[in-house]
Amino acid sequence: MNESIKYSELDIIHKVITGEAKLYELLIRRYNSYLYKIGKSQGFNHEDTQDLMQDTYVDAYTALSKFEGRSTFKTWLIKIMLNNCFRKREKWSFKNILHAQINEDSAPAFSNIQQTDTDKIVMNRELNSVIENALLHIPLDYRMAFALREVNDLNVKEAADVLNISESNVKVRLNRAKAMLKKELTKSYSAAEVFEFNLIYCDAMVERVMGKIKQL
């Protein structure tokens, strides 16, 4: 869509709020990769991450009039994604507790962080499972600092805004995350390639979200 060049982000948001809902597609395309990496960094598989992305875009759309611009739209959207990830994890944990009470031999659904066959097919640029698992095994606070700064390429201020911590704490967490990963990571790697969102899924995500929005 040529509008992506014609309009600024704030212009797009204003136009969407005032009735040009179709322009929301521009924001979806712009931030698909960011949200996908967040979901994968949180330990969700391909399908669950896409569900979380859809929910996040719909949530952001319905609350778009409340966006005040005090932070960037990117950080605002990522916060919504993180909240959705948290709620989904809490829901899973509750279900796992109930299931364990019924069946002592059951395994918590979230305990398996191995990639599904679908993941292995669709992630053509994802780093090998050793590196991914290393990231998923470090404490969440440090993992998110690493994911926001190194994977999603947010600057320190943006990461601090998303995590609600100081910029100095972002730097501390990032350094500790790198130290934790040092033994597992190879000497050279492309952090931007971790949990990459394949562009062939961008159109599908746009269709999913815009379809949901039309039903609102």
Side-chain angles (χ1 to χ4, degrees), residues 24 27-61 63 72-96 108-129 131-154 158-159 161-164 173 177 181 190-212:
Y24 194 62
L27 299 177
I28 299 171
R29 294 185 181 279
R30 184 172 297 179
Y31 293 111
N32 270 337
S33 181
Y34 287 95
L35 296 193
Y36 188 82
K37 291 172 183 176
I38 291 297
K40 290 291 286 180
S41 296
Q42 289 280 316
F44 295 100
N45 66 24
H46 178 71
E47 290 80 8
D48 288 325
T49 295
Q50 290 198 107
D51 289 343
L52 285 162
M53 290 167 67
Q54 174 183 295
D55 292 343
T56 296
Y57 283 127
V58 173
D59 290 345
Y61 176 82
T72 65
F73 180 76
K74 177 169 63 176
T75 57
W76 185 70
L77 188 65
I78 289 175
K79 283 183 178 181
I80 296 175
M81 179 69 172
L82 287 173
N83 285 335
N84 285 337
C85 289
F86 174 78
R87 285 197 295 268
K88 190 173 187 70
R89 187 181 299 109
E90 289 294 296
K91 183 178 180 181
W92 280 2
S93 296
F94 179 71
K95 286 183 177 180
N96 289 337
F110 196 67
S111 67
N112 182 9
I113 63 172
Q114 298 297 321
Q115 290 179 295
T116 64
D117 290 339
T118 302
D119 290 330
K120 294 176 182 178
I121 295 172
V122 300
M123 306 315 297
N124 68 329
R125 297 182 66 198
E126 192 168 20
L127 296 186
N128 64 59
S129 59
I131 297 176
E132 179 176 339
N133 288 339
L135 285 170
L136 294 177
H137 276 99
I138 71 172
L140 184 59
D141 287 346
Y142 302 114
R143 186 199 318 160
M144 288 313 304
F146 181 90
L148 293 175
R149 289 286 290 121
E150 298 293 332
V151 179
N152 271 318
D153 200 28
L154 269 65
E158 290 174 328
D161 189 10
V162 169
L163 298 173
N164 291 319
R173 289 188 186 183
L181 290 169
S190 175
E193 290 182 342
V194 179
F195 309 141
E196 189 64 40
F197 186 66
N198 196 311
L199 291 179
I200 66 174
Y201 298 100
C202 194
D203 289 340
M205 181 56 61
V206 168
E207 291 180 9
R208 288 177 59 171
V209 175
M210 298 307 291
K212 285 289 184 181

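Quick caveat: nothing in here was measured; it's all calculated off a predicted structure.
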How close do Ala177 and Ile138 get, heavy atom to heavy atom, and via which atoms?
CB-CD1, 4.0 Å
Hey, mind stepping through Val209 and Met53 against side chain to side chain contact (heavy atoms under 4.5 Å, CB included) and telling me if it holds?
CA-CA 9 Å; Val209 175; Met53 290 167 67; over 6 Å; no
Reported CG-to-NZ distance for the pair Leu77 and Lys79, which is rounded to 0.5 angstrom
12.0 Å
Would you compute the distance between atom CZ of Phe86 and atom CE of Met81 and round it to the nearest 0.5 angstrom?
15.0 Å
Residues that Asp59 engages under side-chain contact (heavy atoms from CB on, under 4.5 Å), provided they are two or more places apart:
Ile80, Asn84, Arg87
Tell me, please, which residues at least two apart from Asn32 pass side chain to side chain donor-acceptor pair (under 3.5 Å).
Tyr57
On a heavy-atom basis, the closest approach of Leu136 and Lys40 is CD2-O, 3.6 Å
Search all heavy atoms of Trp76 against all heavy atoms of Ala60 and return the closest pair with its distance.
CH2-O, 3.6 Å
Does any part of the side chain of Arg173, heavy atoms only, come nearer than 4.5 Å to the side chain of Met144, both counted from C-beta?
no
Sequence-distant partners of Asp141, salt bridge (Lys or Arg N to Asp or Glu O under 4.0 Å), two or more places apart:
none
Indicate yes or no: at least one non-hydrogen side-chain atom of Ile28 is less than 4.5 angstrom from one of Met210.
yes
What's the spacing between Leu163 CG and Leu148 CG if we round to 0.5 Å?
5.0 Å
Taking Leu154's backbone N and O only, do any of them form a donor-acceptor pair with Arg149's side chain (distance below 3.5 Å, no angle check)?
yes
Correct closest heavy-atom pair for Gly39 and Cys85 would be CA-SG, 4.4 Å
Under a 4.0 Å N-O cut-off, is there an ion pair linking Lys88 with Asp51?
no
Can you name the ring-ring contact (aromatic ring centres under 6.0 Å, His included) partners of Tyr34, sequence neighbours left out?
Tyr31
What distance separates Glu158 CD from Asp153 CG, expressed to the nearest 0.5 Å?
9.0 Å
Determine yes or no for a side-chain-to-main-chain donor-acceptor pair under 3.5 angstrom, with Asn45 supplying the side chain and Glu47 the backbone.
yes
Partners meeting ring-ring contact (aromatic ring centres under 6.0 Å, His included) with Tyr61 (sequence neighbours left out):
Tyr24
Closest heavy-atom pair, Asp203 versus Arg29, reported as atoms and distance to 0.1 Å, is OD1-NH1, 2.7 Å
Using a 4.5 Å cut-off on heavy atoms from C-beta on, say whether the side chain of Ile38 contacts that of Val151.
no
Across all chains, not counting sequence neighbours, the salt bridge (Lys or Arg N to Asp or Glu O under 4.0 Å) partners of Arg143 are none
What's the shortest heavy-atom distance between Gln54 and Met205, and which atoms?
N-SD, 4.0 Å
Any heavy-atom pair between the side chains of Leu82 and Gln42 that's under 4.5 Å?
yes
His46 and Tyr201 side chains, donor-acceptor separation under 3.5 Å:
no
